[in-house]
Amino acid sequence: MKTEEPKTRICGVCEPNQTIISLPDPRKIPLDPVILWDALDSRETTRKYSQDELYRWELSTLLHYTQGVRDKENGSHFRTVPSAGALHPFEIRIVVNRVTGLDSGIYRYLPLDHALVREECYSGDSASVAKVCKNPVLIATSAVSFIWTAVPERMIWKFGQRGWRYLFIEAGHICQNLYITCAGLQLGMCAIGSYDDNEINCILGIDGKTEFCIYMASVGRKQ
Ligand SMILES: Cc1cc2nc3c(=O)[nH]c(=O)nc-3n(C[C@H](O)[C@H](O)[C@H](O)COP(=O)(O)O)c2cc1C
């Protein structure tokens, strides 16, 4: 049964004292044209990354095509991935190891501003996130990694128990878009589902109930 729309409806809301770090406007980045069929055919998992940095425009592109806002209408916003009821129930954190102009650490993406804020989490750094993964090397050697967390209330208020199903389906949409975008940019990536739930939630300072880590991915230049 439908209940009231929760106050946690909008993702990526930051505290007033947090410094907003802007990203290059994805619509102004002169991307090389990519043939969609080639990108789909070349999509693959890469687990070995070079020591090279990612450029900020590349990070901006990855964030835009995984959770970026492409349109706004009557209070709803539409992103580059579909979402049941256009509710977009995720928070997006990134673990930066090597991105031009960004200190290493954990950041949160603000889709409505297409910007980042430095995440204030308890023990959160790249090494601690790597440690909770079955294959720590994926995060440790990545240029940047993505951590998608779900806020179930953003779905359940409208879709009831069926909303749980949508959370997991939508996480797949996001990660697939990351794979395709990485293929287009000739970057390597690996989806990561094998990690300790309690430990990653603890590192991020979330309770594992009202918000929990649903999926991760590592990205870097191919070796
Ligand atoms: C839901 C999901 C979870 C995954 N988790 C991991 C993981 O924890 N570690 C890993 O090395 N690869 C992981 N992968 C990547 C798969 O192993 C990879 O997709 C598979 O070997 C097929 O290779 P391909 O992506 O190149 O086609 C995951 C993939 C999916 C879809």
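This is a predicted model, so every value here is computed, not measured. Order of appearance sets the numbers: ligands from 1, and atoms from 1 within every ligand.
Side chains of Arg70 and Arg79 form no contact here, defined as non-hydrogen atoms less than 4.5 Å apart. Side-chain atoms of Ser60 and His114, non-hydrogen and from C-beta on, do get closer than 4.5 Å to each other. At a threshold of 4.5 Å between non-hydrogen side-chain atoms, the residues Trp148 and Met216 do not count as touching. Residues Met189 and Leu62 are not in side-chain contact: their nearest non-hydrogen atoms beyond the backbone lie 4.5 Å or more apart. At a threshold of 4.5 Å between non-hydrogen side-chain atoms, the residues Ile92 and Leu63 count as touching.
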One pair per line, please: each N/O atom of ligand 1 matched with every protein N/O atom under 3.5 Å away, atom names first, then the distance to 0.1 Å.
| unit_1 | atom_1 | unit_2 | atom_2 | d |
| --- | --- | --- | --- | --- |
| ligand 1 | 5 (N) | Ala191 | O | 3.4 |
| ligand 1 | 5 (N) | Gly193 | N | 2.9 |
| ligand 1 | 8 (O) | Gly193 | N | 3.1 |
| ligand 1 | 8 (O) | Ser194 | N | 3.0 |
| ligand 1 | 11 (O) | Arg47 | NE | 2.7 |
| ligand 1 | 12 (N) | Arg47 | NH2 | 3.3 |
| ligand 1 | 12 (N) | Ala191 | O | 3.4 |
| ligand 1 | 14 (N) | Ala191 | O | 3.2 |
| ligand 1 | 17 (O) | Arg47 | NH2 | 3.0 |
| ligand 1 | 19 (O) | Thr45 | OG1 | 3.3 |
| ligand 1 | 25 (O) | Arg43 | NH1 | 2.9 |
| ligand 1 | 25 (O) | Arg43 | NH2 | 3.3 |
| ligand 1 | 25 (O) | Thr45 | OG1 | 2.5 |
| ligand 1 | 26 (O) | Thr45 | N | 2.8 |
| ligand 1 | 27 (O) | Arg43 | NH2 | 2.7 |

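The salt bridge (Lys or Arg N to Asp or Glu O under 4.0 Å) search around Glu170 returns none, not counting sequence neighbours.
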